[in-house]
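Working notes for the structure below.
Small disclaimer: the values here were computed from a predicted structure and weren't measured.
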Amino acid sequence: MLDDNITYQGKTYIMFNDFEYDDTPHHDKVGFTRGGDSCSTDNPCGVTYNNVTKEFTNENGGTNSDIKNALEEWYKTNLNDYDEQIAYGLFCNDISYGHGNDDVGLTDELYYGAYERLYSSGTKYGNPTLICPKQLDSKGQARTYGGLYKTKVGLITADELNMGGISIGDVSNQNYLRRSYSYWTATPYHSTIYAFVFLFNSTGDFIDYDTNGNDNVVPVINLKTDNISYSGTGIASDPIEIE
């Protein structure tokens with residue numbers, strides 16, 4: 001996870017997914033992509049990268065969100081020369097069903113799986129998971145947005161933050177995951193005519209934030225384990241450094 005936020009098209013505050021509001025539910029705007037083949041836990045959507053042409057390709061044919069475009073442009077500009085050392089990792093954009101109306105109308109709300117795990121568990125420690133749940137709707141059907149992606153760059157999830165020591169509703173959290181600024185997670189929260197994603201704010205708590213809003217983006221990558229030398233123990237005062 002980068003120890004800084006990125007800039008995209010000259011801006012440090014970036015939309016998760018820009019769109020025009022109208023009289024149509026916008027639940028698919030919580031997806032990294034939308035409109036393509038489903039990205040399931042059993043069959044993650046591959047996003048291939050060509051470090052010669054500097055092109056990312058969605059194997060599911062989906063349309064990118066703004067935040068996915070921002071992450072990929074940052075990767076091309078900053079990490080293309082190191083591409084051989086960066087692994088394809090699994091990134092969960094969890095649109096599993098939590099509760100509510102899955103046929104979202106203008107006044108109905110759909111809550112996604114992470115809301116149930118983190119807020120409905122009855123404890124500030126939540127019930128996070130590192131396994132991306134089955135990405136199905138309330139009827140057991142695959143969605144055409146979000147899900148599990150296999151790619152070079154993504155975002156941290158709300159579950160990972162919770163598991164890393166960020167407690168629900170406890171703003172006394174003080175660790176390396178908390179910054180002086182808020183930033184997007186990869187995790188959908190709920191949707192109606194609007195769409196909301198978990199945002200980790202500077203006070204040390206989660207909020208639901210409109211995907212049409214602007215905030216900081218902090219990329220996550222996975223390094224290959226072969227032929228890499230590093231130092232450090234991984235704690236805040238002694239971070240791991242690649243040599």
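The shortest non-hydrogen separation linking N162 to S167 is ND2-CA, 4.1 Å. The minimum heavy-atom distance between I95 and G147, with the atom names listed, is CG1-N, 3.7 Å. Across G31 and F16, no two heavy atoms sit closer than the pair O-CE2, 4.2 Å. Nearest heavy-atom pair across C39 and G146 is CB-O, 3.4 Å. Contact between M15 and N214 at its shortest, heavy atoms only, is CG-OD1, 3.3 Å. Nearest heavy atom pair, residue C132 against residue Q135, reads SG-NE2, 3.6 Å.
Tracing side-chain contacts under 4.5 Å through hydrophobic residues (I, L, V, M, F, W, Y), one never reaches Y13 starting from V197; they form parts of separate clusters. Clustering ILVMFWY residues whenever any of their side-chain heavy atoms sit less than 4.5 angstrom apart, transitively, puts Y82 in the very cluster that holds V218. Following chains of ILVMFWY side-chain contacts shorter than 4.5 Å, one cannot reach Y149 starting from L90, and the two form parts of different hydrophobic clusters. Linking ILVMFWY side-chain heavy atoms closer than 4.5 Å, directly or via other members, places I156 and L223 in a single hydrophobic cluster.
A side-chain donor-acceptor contact under 3.5 Å links N216 and N5. Inspection of the T203 and N201 side chains reveals an N or O donor paired with an N or O acceptor under 3.5 Å. Side-chain contact of N64 with N58: a donor-acceptor pair under 3.5 Å is present, judged by distance alone.
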**OP:** Verify side chain to side chain donor-acceptor pair (under 3.5 Å) between D159 and T129, making sure each step is shown before the conclusion.
**Re:** CA-CA 6 Å; D159 292 79; T129 180; 5.9 Å; no
Subject >> Residues F206, I166; criterion side-chain contact (heavy atoms from CB on, under 4.5 Å); working and verdict >> reply: CA-CA 9 Å; F206 295 110; I166 303 302; 4.1 Å; yes
**OP:** Take F196 and T211 through the test side-chain contact (heavy atoms from CB on, under 4.5 Å) and record every step on the way to the result.
**Re:** CA-CA 6 Å; F196 298 86; T211 58; over 6 Å; no
Original post:
Going through the distances and angles, do L79 and I221 end up as a side-chain contact (heavy atoms from CB on, under 4.5 Å)?
Top reply: CA-CA 10 Å; L79 296 183; I221 61 171; 4.0 Å; yes
**OP:** Verify side-chain contact (heavy atoms from CB on, under 4.5 Å) between F91 and V220, making sure each step is shown before the conclusion.
**Re:** CA-CA 9 Å; F91 295 92; V220 174; 3.9 Å; yes
**OP:** Run the numbers on E84 and N51 for side chain to side chain donor-acceptor pair (under 3.5 Å), then give the verdict.
**Re:** CA-CA 9 Å; E84 292 299 323; N51 61 13; 3.3 Å; yes
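A heavy-atom distance below 4.5 Å is found between the side chains of F200 and R178. Side-chain contact between L177 and M1 is present, with at least one heavy-atom pair separated by less than 4.5 Å. By the 4.5 Å heavy-atom criterion applied to side chains, V30 and Y189 are not counted as neighbours. Put simply, the side chain of M163 reaches to within 4.5 Å of the side chain of L130, judged on heavy atoms. Using a 4.5 Å heavy-atom cutoff, the side chains of K224 and Q85 are not in contact. Taking 4.5 Å as the limit, some side-chain heavy atom of I67 sits within range of a side-chain heavy atom of V217. Using a 4.5 Å cut-off on side-chain heavy atoms (C-beta onward), D28 and T144 make no contact. Residues N17 and N212 have side chains not in contact (no heavy-atom distance under 4.5 Å, counting atoms from C-beta outward).
The aromatic rings of Y111 and H99 lie parallel to each other, their planes meeting at an angle below 30°, with 60° marking the opposite boundary. Taking the six-membered ring where the residue is Trp, Y75 and Y49 present perpendicular rings, their angle passing 60° and hence far from 30°. Using a 30° and 60° split on the angle between ring planes, Y145 and Y112 fall in the perpendicular class, above 60°.
A salt bridge links R117 to D94: one of the charged nitrogens lies within less than 4.0 Å of a carboxylate oxygen. A salt bridge between K139 and D102 is absent, with no side-chain N of the basic residue lying under 4.0 Å from a carboxylate O of the acidic one. The residues E72 and K68 are annotated as salt-bridged, a charged nitrogen and a carboxylate oxygen being separated by less than 4.0 angstrom. With respect to the salt-bridge test (charged N to carboxylate O, under 4.0 angstrom), the residues K134 and D42 qualify.
To the nearest 0.5 angstrom, D210 atom CG is 11.5 Å from S191 atom OG. L118 contributes atom CG, which lies 7.5 Å from atom OG1 of T187 (distance to the nearest 0.5 angstrom). Interatomic distance, OG of S38 versus CG of N43, reported as 7.0 Å (0.5 Å rounding). C45 contributes atom SG, which lies 12.5 Å from atom NZ of K150 (distance to the nearest 0.5 angstrom). Note that CG of D66 is 11.0 Å distant from CG of L71, once rounded to the nearest 0.5 Å. The distance from atom CG of N78 to atom CD1 of I6, rounded to the nearest 0.5 Å, is 8.5 Å.
Judged by a 6.0 Å distance limit and a 45° cone about the ring axis, R179 is positioned over the six-membered ring of Y183. Cation-pi geometry between K152 and Y88 is satisfied (NZ or CZ under 6.0 Å from the ring centre, within 45° of the ring normal).
Of the possible polar contacts, one joining the S65 side chain to the F32 backbone as a donor-acceptor pair under 3.5 Å is found. Under a 3.5 Å cut-off, the side chain of E160 and the backbone N or O of T157 do form a donor-acceptor pair.
A centroid separation of 6.0 Å or more is found between the aromatic rings of F198 and W184.
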